[in-house]
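Here is the structure we will look at, set down as structure tokens.
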Amino acid sequence: MDDNFDKAGIAVIIVFGALILGGLMAANLVAGDRNGFLLALGSAFTAYVAGYAVLFDLPRLYAILIGVALLLGVASTAAYAF
């Protein structure tokens, strides 16, 4: 395993914060679903902070934050779909 945590942290920030959750926020904005948008925004922010947990070498905090981001993302998707 590569011990370069900088690249992993930056990848988490870019992939979660910008691409995946940004698209989910845009979809909820177009649909006019305020709750789904706010859940996606919370998920994006949590995943963004998780990237910094990797940079500061805090693996437990990283796991907790990614779990919270995952739950918020699923809740946002459910709000959008239903």
Qualifying residues under ring-ring contact (aromatic ring centres under 6.0 Å, His included), relative to Y80, sequence neighbours excluded: none

- prompt: Taking a hydrophobic cluster as the set of Ile, Leu, Val, Met, Phe, Trp and Tyr residues connected by side-chain heavy atoms closer than 4.5 Å, whether directly or through intermediates, do Y48 and L70 fall within one such cluster?
  reply: no

- request: Please report the closest heavy-atom contact between A40 and N28, naming both atoms and the distance.
  value: CB-ND2, 4.4 Å

field: Nearest heavy-atom neighbours spanning G36 and A79
entry: CA-CB, 3.9 Å

query: Got a second to check how far L24's CG is from D33's CG, nearest 0.5 Å?
result: 9.5 Å

field: Interatomic spacing from CZ in F45 to CG in L65 - rounded to 0.5 Å
entry: 9.5 Å

query: Do V49 and F56 belong together in a cluster built from hydrophobic side chains that touch within less than 4.5 Å?
result: yes

- prompt: Are V68 and L61 connected in the hydrophobic side-chain network, where two residues link if heavy atoms are under 4.5 Å apart?
  reply: no

- prompt: Backbone N or O of L39 within a donor-acceptor pair of the S43 side chain at under 3.5 Å?
  reply: no

task: Would you check if the side chain of S76 reaches a backbone N or O of L72 as a donor-acceptor pair within less than 3.5 Å?
output: no

field: Point-to-point distance, once rounded to the nearest 0.5 Å, from CD1 of I64 to OG1 of T46
entry: 12.0 Å

